[in-house]
Amino acid sequence: MAVLVTTNGFSQTVEEFKIKTLGPGNLNYRKSPDRVLIADFQVNFQTALRLEDQKKGGKMWRGGIKGDAKASIMVVLEGLTTNDLQAITDKLYEQYISRLTSKGLEVADVNELWNHKLYLKNREDRWELKAGGTVEKGNEFGIVTMRPSTQKFIVAKRTISENAIPIASLADYEANVERKLVNQKTDFIYNKVVLEVNVFENSMSETERTLNRHAGYAEVKAETNFKVSEKSFNRFGMGQFYAKKGIEVSDVLKKQKFDASKGADVDKRGTDWGVIRVWQVDDKEEANFAVVECDVDKYLKASEIAGSAFLQGTLDEMMQKK
(Lines give C-alpha, C1' and ligand atoms only; values in the text may rest on other atoms or scores of the structure.)
Protein backbone atom coordinates (compact mmCIF):
# COMPACT_ATOMS: atom_id res chain seq x y z
CA MET A 1 0.00 0.00 0.00
CA ALA A 2 1.34 3.47 -0.88
CA VAL A 3 -0.16 6.94 -0.58
CA LEU A 4 0.93 10.18 -2.30
CA VAL A 5 -0.20 13.52 -0.90
CA THR A 6 0.59 16.92 -2.44
CA THR A 7 -0.13 20.06 -0.43
CA ASN A 8 1.28 23.56 0.02
CA GLY A 9 3.81 23.02 -2.74
CA PHE A 10 5.41 19.82 -1.40
CA SER A 11 4.69 16.13 -1.88
CA GLN A 12 4.90 13.40 0.70
CA THR A 13 4.76 9.70 -0.04
CA VAL A 14 3.84 6.94 2.37
CA GLU A 15 6.21 4.15 1.46
CA GLU A 16 5.00 0.60 0.78
CA PHE A 17 4.10 -1.26 3.97
CA LYS A 18 2.60 -4.58 5.01
CA ILE A 19 0.15 -5.20 7.85
CA LYS A 20 0.89 -8.29 9.96
CA THR A 21 -1.15 -10.04 12.64
CA LEU A 22 -0.27 -11.50 16.02
CA GLY A 23 -2.77 -13.87 17.57
CA PRO A 24 -4.20 -17.38 17.32
CA GLY A 25 -3.61 -19.18 14.02
CA ASN A 26 -7.36 -19.51 13.47
CA LEU A 27 -8.10 -15.89 14.38
CA ASN A 28 -11.38 -14.59 12.99
CA TYR A 29 -14.21 -12.31 14.05
CA ARG A 30 -17.09 -14.02 12.27
CA LYS A 31 -18.95 -14.68 15.53
CA SER A 32 -17.97 -11.38 17.13
CA PRO A 33 -20.49 -8.58 17.75
CA ASP A 34 -20.65 -5.66 15.36
CA ARG A 35 -19.73 -3.35 18.23
CA VAL A 36 -16.25 -2.03 19.01
CA LEU A 37 -15.28 -0.61 22.39
CA ILE A 38 -12.18 1.60 22.28
CA ALA A 39 -10.57 1.17 25.68
CA ASP A 40 -7.63 3.40 24.79
CA PHE A 41 -6.40 5.48 21.88
CA GLN A 42 -2.99 7.04 22.38
CA VAL A 43 -0.47 8.68 20.12
CA ASN A 44 3.13 8.74 21.35
CA PHE A 45 5.16 11.48 19.66
CA GLN A 46 8.95 11.24 19.80
CA THR A 47 10.40 14.71 20.37
CA ALA A 48 13.94 13.73 21.42
CA LEU A 49 16.33 10.78 21.48
CA ARG A 50 19.16 10.10 23.90
CA LEU A 51 21.71 7.35 23.24
CA GLU A 52 24.62 6.32 25.45
CA ASP A 53 27.35 3.71 25.22
CA GLN A 54 29.95 2.93 27.84
CA LYS A 55 32.86 0.48 27.74
CA LYS A 56 34.32 -0.41 31.10
CA GLY A 57 38.09 -0.50 31.37
CA GLY A 58 40.35 -2.61 33.56
CA LYS A 59 43.28 -4.97 33.26
CA MET A 60 44.23 -6.15 29.77
CA TRP A 61 44.95 -9.84 29.29
CA ARG A 62 48.32 -9.15 27.65
CA GLY A 63 49.33 -6.72 30.37
CA GLY A 64 48.53 -3.09 31.03
CA ILE A 65 45.34 -1.26 31.88
CA LYS A 66 42.53 0.40 29.94
CA GLY A 67 40.32 3.26 31.13
CA ASP A 68 36.55 3.68 30.75
CA ALA A 69 35.21 5.10 27.50
CA LYS A 70 31.81 6.77 27.22
CA ALA A 71 29.95 8.32 24.30
CA SER A 72 26.50 9.93 24.23
CA ILE A 73 24.30 12.00 21.97
CA MET A 74 21.04 13.85 22.43
CA VAL A 75 18.98 15.11 19.50
CA VAL A 76 15.89 17.26 19.97
CA LEU A 77 13.10 18.20 17.56
CA GLU A 78 12.26 21.90 17.67
CA GLY A 79 9.23 23.79 16.36
CA LEU A 80 6.20 21.75 17.48
CA THR A 81 3.69 22.82 20.11
CA THR A 82 1.42 20.66 22.23
CA ASN A 83 -1.54 22.28 20.45
CA ASP A 84 -0.16 20.90 17.16
CA LEU A 85 0.10 17.40 18.62
CA GLN A 86 -3.36 17.56 20.16
CA ALA A 87 -4.89 18.70 16.87
CA ILE A 88 -3.44 15.80 14.89
CA THR A 89 -4.43 13.31 17.63
CA ASP A 90 -8.03 14.55 17.55
CA LYS A 91 -8.09 14.41 13.76
CA LEU A 92 -6.81 10.83 13.61
CA TYR A 93 -9.39 9.75 16.19
CA GLU A 94 -12.24 11.38 14.28
CA GLN A 95 -11.11 9.65 11.09
CA TYR A 96 -10.90 6.34 12.92
CA ILE A 97 -14.44 6.62 14.32
CA SER A 98 -15.72 7.49 10.85
CA ARG A 99 -14.01 4.44 9.36
CA LEU A 100 -15.42 2.12 12.01
CA THR A 101 -18.98 3.30 11.40
CA SER A 102 -18.51 3.14 7.61
CA LYS A 103 -17.70 -0.57 8.07
CA GLY A 104 -21.03 -1.08 9.81
CA LEU A 105 -19.50 -1.20 13.29
CA GLU A 106 -21.09 0.53 16.26
CA VAL A 107 -18.75 2.29 18.69
CA ALA A 108 -19.72 1.25 22.23
CA ASP A 109 -19.60 3.56 25.25
CA VAL A 110 -16.39 3.18 27.29
CA ASN A 111 -18.47 3.05 30.49
CA GLU A 112 -19.54 -0.48 29.53
CA LEU A 113 -15.95 -1.58 30.05
CA TRP A 114 -15.33 0.73 33.00
CA ASN A 115 -18.09 -1.08 34.91
CA HIS A 116 -16.87 -4.56 33.94
CA LYS A 117 -15.99 -6.77 36.93
CA LEU A 118 -12.34 -7.01 35.87
CA TYR A 119 -11.96 -3.26 36.36
CA LEU A 120 -13.98 -3.00 39.56
CA LYS A 121 -11.43 -4.83 41.74
CA ASN A 122 -9.28 -2.23 43.56
CA ARG A 123 -10.26 0.20 40.82
CA GLU A 124 -9.41 3.31 42.83
CA ASP A 125 -5.78 2.15 43.13
CA ARG A 126 -5.28 0.62 39.71
CA TRP A 127 -7.35 2.38 37.06
CA GLU A 128 -8.71 5.75 36.07
CA LEU A 129 -11.26 6.86 33.51
CA LYS A 130 -9.04 9.52 32.01
CA ALA A 131 -10.13 12.33 29.73
CA GLY A 132 -7.87 13.13 26.80
CA GLY A 133 -6.66 16.60 25.90
CA THR A 134 -3.73 16.76 28.33
CA VAL A 135 -0.02 16.27 27.73
CA GLU A 136 1.50 13.22 29.38
CA LYS A 137 5.07 12.07 29.78
CA GLY A 138 5.65 8.87 27.82
CA ASN A 139 7.31 5.69 29.06
CA GLU A 140 10.65 6.64 27.48
CA PHE A 141 12.79 9.76 27.37
CA GLY A 142 11.63 12.25 24.73
CA ILE A 143 8.16 10.72 24.28
CA VAL A 144 5.00 12.82 24.64
CA THR A 145 1.71 10.92 24.96
CA MET A 146 -1.55 12.44 23.70
CA ARG A 147 -5.13 11.17 23.74
CA PRO A 148 -8.18 12.63 21.93
CA SER A 149 -9.70 15.58 23.76
CA THR A 150 -13.24 14.45 22.93
CA GLN A 151 -13.25 11.14 24.79
CA LYS A 152 -12.36 9.30 28.00
CA PHE A 153 -10.26 6.14 28.15
CA ILE A 154 -9.36 3.48 30.70
CA VAL A 155 -5.76 4.01 31.79
CA ALA A 156 -3.69 2.20 34.41
CA LYS A 157 -2.60 4.54 37.17
CA ARG A 158 1.08 5.46 37.21
CA THR A 159 1.10 6.61 40.84
CA ILE A 160 1.73 4.32 43.77
CA SER A 161 -0.44 4.02 46.85
CA GLU A 162 -0.23 1.51 49.68
CA ASN A 163 -2.31 -1.07 47.82
CA ALA A 164 -1.24 -0.24 44.27
CA ILE A 165 0.92 -2.53 42.19
CA PRO A 166 4.61 -1.69 41.59
CA ILE A 167 5.43 0.27 38.43
CA ALA A 168 7.67 -2.56 37.19
CA SER A 169 4.64 -4.88 37.17
CA LEU A 170 2.21 -2.37 35.68
CA ALA A 171 2.62 -3.37 32.02
CA ASP A 172 2.24 -7.06 32.86
CA TYR A 173 -0.82 -6.31 34.97
CA GLU A 174 -2.48 -4.36 32.16
CA ALA A 175 -1.74 -7.18 29.71
CA ASN A 176 -3.11 -9.80 32.10
CA VAL A 177 -6.39 -7.93 32.56
CA GLU A 178 -6.73 -7.42 28.80
CA ARG A 179 -6.00 -11.10 28.20
CA LYS A 180 -8.66 -12.18 30.70
CA LEU A 181 -11.16 -9.80 29.14
CA VAL A 182 -10.75 -10.95 25.53
CA ASN A 183 -11.10 -14.56 26.65
CA GLN A 184 -14.54 -13.81 28.06
CA LYS A 185 -17.75 -13.46 26.10
CA THR A 186 -18.73 -9.80 25.71
CA ASP A 187 -21.17 -7.94 23.49
CA PHE A 188 -18.35 -5.86 22.04
CA ILE A 189 -14.91 -6.29 20.47
CA TYR A 190 -12.24 -4.95 22.81
CA ASN A 191 -10.08 -2.38 20.96
CA LYS A 192 -6.86 -0.61 21.92
CA VAL A 193 -4.88 1.69 19.61
CA VAL A 194 -1.28 2.79 20.20
CA LEU A 195 0.46 4.91 17.56
CA GLU A 196 4.20 5.63 17.83
CA VAL A 197 5.28 8.60 15.66
CA ASN A 198 9.09 8.67 15.51
CA VAL A 199 11.53 11.14 13.98
CA PHE A 200 14.90 9.74 15.15
CA GLU A 201 16.34 6.24 15.24
CA ASN A 202 19.41 4.40 16.47
CA SER A 203 21.48 3.71 13.34
CA MET A 204 24.22 1.52 14.81
CA SER A 205 24.37 -1.92 13.22
CA GLU A 206 24.83 -5.03 15.33
CA THR A 207 28.14 -5.71 13.55
CA GLU A 208 29.47 -2.29 14.59
CA ARG A 209 28.36 -2.85 18.18
CA THR A 210 30.12 -6.23 18.31
CA LEU A 211 33.38 -4.83 16.93
CA ASN A 212 33.29 -1.95 19.39
CA ARG A 213 32.77 -4.28 22.33
CA HIS A 214 35.94 -6.17 21.44
CA ALA A 215 37.93 -2.98 20.86
CA GLY A 216 36.81 -1.22 24.04
CA TYR A 217 35.44 1.60 21.93
CA ALA A 218 32.31 3.59 22.87
CA GLU A 219 30.20 4.84 19.99
CA VAL A 220 26.60 5.85 19.31
CA LYS A 221 24.91 6.85 16.06
CA ALA A 222 21.49 8.28 15.22
CA GLU A 223 19.73 9.70 12.20
CA THR A 224 16.48 11.39 11.24
CA ASN A 225 13.78 9.12 9.86
CA PHE A 226 10.08 9.98 10.09
CA LYS A 227 7.86 6.92 10.52
CA VAL A 228 4.94 5.39 12.33
CA SER A 229 6.99 2.83 14.21
CA GLU A 230 6.62 -0.94 13.99
CA LYS A 231 5.84 -0.74 17.74
CA SER A 232 2.46 0.79 16.85
CA PHE A 233 -0.47 -1.59 17.11
CA ASN A 234 -4.23 -1.83 16.75
CA ARG A 235 -5.65 -4.58 18.97
CA PHE A 236 -9.04 -6.14 18.31
CA GLY A 237 -9.83 -8.81 20.89
CA MET A 238 -7.22 -11.57 20.59
CA GLY A 239 -5.68 -10.12 17.44
CA GLN A 240 -2.97 -7.47 17.33
CA PHE A 241 -2.33 -5.78 14.00
CA TYR A 242 0.88 -3.87 13.22
CA ALA A 243 2.90 -2.60 10.27
CA LYS A 244 6.00 -4.69 9.65
CA LYS A 245 9.05 -2.34 9.71
CA GLY A 246 6.68 0.58 10.31
CA ILE A 247 5.32 3.16 7.88
CA GLU A 248 7.81 5.71 6.55
CA VAL A 249 7.00 9.04 4.90
CA SER A 250 9.28 10.94 2.53
CA ASP A 251 9.95 14.70 2.46
CA VAL A 252 9.38 15.38 6.15
CA LEU A 253 12.78 16.03 7.71
CA LYS A 254 16.13 16.79 6.17
CA LYS A 255 18.27 13.66 6.30
CA GLN A 256 20.80 14.16 9.08
CA LYS A 257 23.19 11.87 10.91
CA PHE A 258 24.64 12.27 14.39
CA ASP A 259 27.38 10.40 16.20
CA ALA A 260 29.70 10.43 19.17
CA SER A 261 32.66 8.13 19.75
CA LYS A 262 35.54 7.77 22.16
CA GLY A 263 38.36 5.27 22.41
CA ALA A 264 39.67 4.17 25.78
CA ASP A 265 42.92 5.51 27.23
CA VAL A 266 45.46 2.67 27.36
CA ASP A 267 48.66 2.23 29.39
CA LYS A 268 50.48 -0.96 28.35
CA ARG A 269 53.88 -0.36 29.92
CA GLY A 270 53.23 1.57 33.10
CA THR A 271 55.79 3.70 34.97
CA ASP A 272 58.67 2.27 36.99
CA TRP A 273 58.69 3.76 40.51
CA GLY A 274 61.60 1.74 41.76
CA VAL A 275 60.19 -1.16 43.76
CA ILE A 276 56.81 -0.90 42.09
CA ARG A 277 55.38 -0.29 38.63
CA VAL A 278 52.33 1.96 38.29
CA TRP A 279 49.80 1.97 35.46
CA GLN A 280 47.62 5.03 35.06
CA VAL A 281 44.82 5.92 32.61
CA ASP A 282 42.12 8.57 32.32
CA ASP A 283 38.46 7.92 31.67
CA LYS A 284 37.40 9.39 28.30
CA GLU A 285 34.02 10.78 27.32
CA GLU A 286 32.39 12.52 24.35
CA ALA A 287 28.89 13.99 24.57
CA ASN A 288 27.17 15.67 21.61
CA PHE A 289 23.92 17.62 21.43
CA ALA A 290 21.95 18.65 18.34
CA VAL A 291 18.69 20.44 17.56
CA VAL A 292 16.69 19.53 14.45
CA GLU A 293 14.39 22.19 13.04
CA CYS A 294 10.90 20.94 12.20
CA ASP A 295 8.77 22.18 9.32
CA VAL A 296 5.48 22.05 11.21
CA ASP A 297 3.23 21.82 8.13
CA LYS A 298 5.21 18.91 6.71
CA TYR A 299 5.33 17.13 10.06
CA LEU A 300 1.59 17.44 10.73
CA LYS A 301 0.64 16.32 7.23
CA ALA A 302 3.02 13.36 7.44
CA SER A 303 1.60 12.39 10.85
CA GLU A 304 -1.90 12.52 9.42
CA ILE A 305 -1.26 10.48 6.27
CA ALA A 306 0.94 7.87 7.98
CA GLY A 307 -1.36 7.53 10.99
CA SER A 308 -4.38 7.37 8.72
CA ALA A 309 -2.75 4.72 6.53
CA PHE A 310 -1.95 2.65 9.62
CA LEU A 311 -5.47 2.86 11.03
CA GLN A 312 -7.06 2.10 7.67
CA GLY A 313 -4.69 -0.78 6.95
CA THR A 314 -5.15 -2.44 10.34
CA LEU A 315 -8.94 -2.02 10.28
CA ASP A 316 -9.17 -3.42 6.75
CA GLU A 317 -7.07 -6.40 7.82
CA MET A 318 -9.38 -7.08 10.75
CA MET A 319 -12.50 -6.80 8.60
CA GLN A 320 -11.11 -9.42 6.22
CA LYS A 321 -11.37 -11.85 9.12
CA LYS A 322 -14.96 -10.91 9.96
Side-chain angles (χ1 to χ4, degrees), residues 1-17 41-51 73-99 131-151 193-203 222-232 234 243 245-258 288-313:
M1 182 183 294
V3 180
L4 175 64
V5 175
T6 302
T7 180
N8 295 335
F10 58 87
S11 63
Q12 295 177 311
T13 303
V14 174
E15 306 296 342
E16 293 284 344
F17 65 92
F41 186 105
Q42 59 176 274
V43 186
N44 298 314
F45 295 95
Q46 183 193 47
T47 60
L49 175 67
R50 181 172 58 199
L51 297 174
I73 54 176
M74 183 186 296
V75 285
V76 177
L77 189 68
E78 186 175 70
L80 291 171
T81 68
T82 54
N83 288 338
D84 293 329
L85 302 183
Q86 187 65 64
I88 195 61
T89 300
D90 287 349
K91 192 167 188 177
L92 287 171
Y93 183 71
E94 291 170 7
Q95 292 176 353
Y96 185 56
I97 295 296
S98 178
R99 286 198 177 97
T134 59
V135 183
E136 300 177 49
K137 184 179 179 181
N139 293 330
E140 297 179 10
F141 172 82
I143 303 298
V144 174
T145 298
M146 309 294 293
R147 290 182 169 88
S149 60
T150 56
Q151 187 55 271
V193 178
V194 176
L195 275 166
E196 306 270 353
V197 182
N198 290 353
V199 288
F200 307 117
E201 65 180 8
N202 186 336
S203 57
E223 63 183 18
T224 53
N225 186 28
F226 183 95
K227 67 190 297 188
V228 167
S229 166
E230 60 276 7
K231 293 181 180 179
S232 305
N234 193 355
K245 297 183 179 180
I247 302 177
E248 296 186 10
V249 181
S250 63
D251 194 28
V252 183
L253 297 170
K254 179 182 177 182
K255 196 68 175 178
Q256 298 181 61
K257 296 184 178 183
F258 315 91
N288 291 335
F289 175 82
V291 174
V292 174
E293 294 290 338
C294 174
D295 183 313
V296 176
D297 289 338
K298 286 186 176 183
Y299 179 92
L300 295 180
K301 180 52 65 175
S303 297
E304 179 185 348
I305 62 175
S308 181
F310 174 82
L311 293 171
Q312 178 179 322

Pairwise side-chain contact, [X] with [Y], heavy-atom cut-off 4.5 Å (strictly under):
X    : Y    : result
N234 : F310 : yes
E15  : I247 : no
F45  : V135 : no
E223 : K255 : yes
T47  : I143 : no
Q86  : S149 : yes
F141 : M74  : yes
R99  : Q312 : yes

Among L51, V75, L49, side chain to side chain contact (heavy atoms under 4.5 Å, CB included) partner for F258 |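 When L51, V75, L49 are each tested with F258, the side chain to side chain contact (heavy atoms under 4.5 Å, CB included) holds only for V75.
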
Over all atoms of both residues, closest heavy-atom pair of [X] and [Y]:
X    : Y    : answer
F17  : A243 : CD1-CB, 4.5 Å
V296 : G79  : CG2-O, 3.3 Å
V252 : A302 : CG2-CB, 3.5 Å
F41  : R147 : O-CG, 3.4 Å
K254 : T224 : O-OG1, 3.0 Å
L77  : C294 : CD1-CB, 3.7 Å

Taking the side chain from D90 and the backbone from A87, do they hold a donor-acceptor pair closer than 3.5 Å?
->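 Such a contact is absent between D90 side chain and A87 backbone.
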
Side-chain (S229) to main-chain (S232) donor-acceptor, under 3.5 angstrom |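 Not at all, since once roles are kept as given, no pair shorter than 3.5 Å links the two residues.
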
Can you give each donor-acceptor pair under 3.5 Å made by side-chain atoms of residues 193-202, sequence neighbours left out, with the distance rounded to 0.1 Å?
unit_1 : atom_1 : unit_2 : atom_2 : d
E196   : OE2    : N44    : ND2    : 3.1
E201   : OE1    : N225   : ND2    : 3.4
E201   : OE2    : N225   : ND2    : 3.4
N202   : OD1    : M204   : N      : 3.0
N202   : OD1    : R209   : NH2    : 3.4

Assess whether atom CD of E140 is packed by more than 12 heavy atoms of other residues, nucleotides or ligands within 6.0 Å.
->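 Incorrect, the count does not exceed 12.
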
Got a second to check how far [X]'s [atom1] is from [Y]'s [atom2], nearest 0.5 Å?
X    : Y    : atom1 : atom2 : value
L80  : S303 : CG    : OG    : 8.0 Å
D295 : L253 : CG    : CG    : 9.0 Å
L92  : I97  : CG    : CD1   : 12.0 Å

Check against side chain to side chain contact (heavy atoms under 4.5 Å, CB included), D251 and T13 = CA-CA 8 Å; D251 194 28; T13 303; over 6 Å; no

Residues in ring pair (Phe, Tyr, Trp, His ring centres under 6.0 Å) with F226, at least two apart?
->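 Ring pair (Phe, Tyr, Trp, His ring centres under 6.0 Å) check on F226 returns Y299.
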
Presence of salt bridge, E230 and K227, under 4.0 angstrom =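 Yes, K227 and E230 are salt-bridged.
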
Charged N-O contact under 4.0 Å between K301 and E304 =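 Result for this pair is yes, salt bridge flagged.
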
